[in-house]
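Order of listing sets the numbers, starting from 1, for every ligand and every atom in it. The figures here come from the full heavy-atom set of this structure, side chains too, leaving out hydrogens, waters and symmetry mates. Positions are given from 1, in the same order as the sequence printed here.
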Amino acid sequence: MRVDRFLSNLPRFNRQQVRLLLVQGRVQVDGQPARDGHHPVSEFSQVTVDSEVLQAARPPRYFMLHKPMGCVSATSDPQHPTVLDLLDEPDKQRLHIAGRLDFNTSGLLLITDDGQWSRRLTQPGSKLPKVYHVETEQPIGAHYAETFANGIYFAFEDLTTLPAQLTLLGSHSAHLTLVEGRYHQVKRMFGLFQNKVVRLHRERIGEIVLDPGLAPGQYRPLTAEEIQPI
Ligand code: URA
């Protein structure tokens, strides 16, 4: 909504008064003077007149979701259910996903409306470790770990993956820790050995661990401690 409309919708100001307040520079939106009546205002904006708060800014929201398999990490999809369909929250269109997972990958997904926070989380320089539980069709060779630690050349992007750490859990399962998020990265890394990933589940991003109390499809707000360290 435009700021002039927002103000004239309030019972205390008529349009003439609103025009005057704006030209006199007495209106601020999110701490910045708004002299132009077209200035946008959302339900998240703080709006003040002469330092009196007419609408308080809404605090940003942060959620962890246990993404189930068979659901798209997108805000809309013409065919499949999306992760946002699983959230019972107002203004869902404002939320976005910080670090997507493939359709059939399950596990920790972070959803927020704080763009700065999600950028810090996902930007390549953050090198935040992401821990995946991987199950494969063929046995996992002892030599995989060294290859993953050395990095793998991805011709399509013309890059070598950053060192990744593989810890074997069984003959067909392992923990893989990545510090980046290339397209289908885990599947392509195992694909180098013609070993198909049959199940992929993200357990952790940085210090944020998927809450074991969340069944697939369930979510909860992040705690202050979980939001902080990023
Ligand atoms: N790597 C993949 O191949 N898929 C994911 O969903 C995440 C990492």
query = Is it the case that R188 places NZ or CZ above or below the six-membered ring of F154, under 6.0 angstrom from the centre and within 45 degrees of the axis?
reply = yes
remark   = The protein heavy atom nearest to atom 3 (O) of ligand 1 is H184 C, 3.0 Å
key: Ligand-residue contact atoms, ligand 1 with T105, heavy atoms, under 4.0 Å   = 4 (N), 5 (C), 6 (O)
query = What distance do L110 atom CG and R202 atom CZ have between them, rounded to the nearest 0.5 Å?
reply = 7.0 Å
task = Pull out every atom of ligand 1 sitting under 4.0 Å from any heavy atom of L200, numbered as shown with elements.
result = 1 (N), 2 (C), 3 (O), 4 (N), 5 (C)
query = Between K187 and D102, is the closest basic N to carboxylate O distance under 4.0 Å?
reply = yes
inquiry  = Taking only non-hydrogen atoms of Y132, do any sit less than 4.0 angstrom from ligand 1?
reply    = yes
query = Looking at H201 versus H175, is the centre-to-centre ring distance below 6.0 Å?
reply = no
request  = Starting from atom 4 (N) of ligand 1, locate the nearest protein heavy atom and write down its residue, its atom name and how far away it is, to 0.1 Å.
outcome  = D102 OD2, 2.7 Å
message = Tell me the protein heavy atom at minimum distance from atom 1 (N) of ligand 1, and give that distance in Å.
response = V186 N, 3.1 Å
key: Ring centres under 6.0 angstrom apart (F190, F148)   = yes
Set of ring pair (Phe, Tyr, Trp, His ring centres under 6.0 Å) partners for F103, sequence neighbours left out = H80
note = Under 4.0 Å from one or more heavy atoms of Q185, ligand 1 contributes atoms 1 (N), 2 (C), 3 (O)
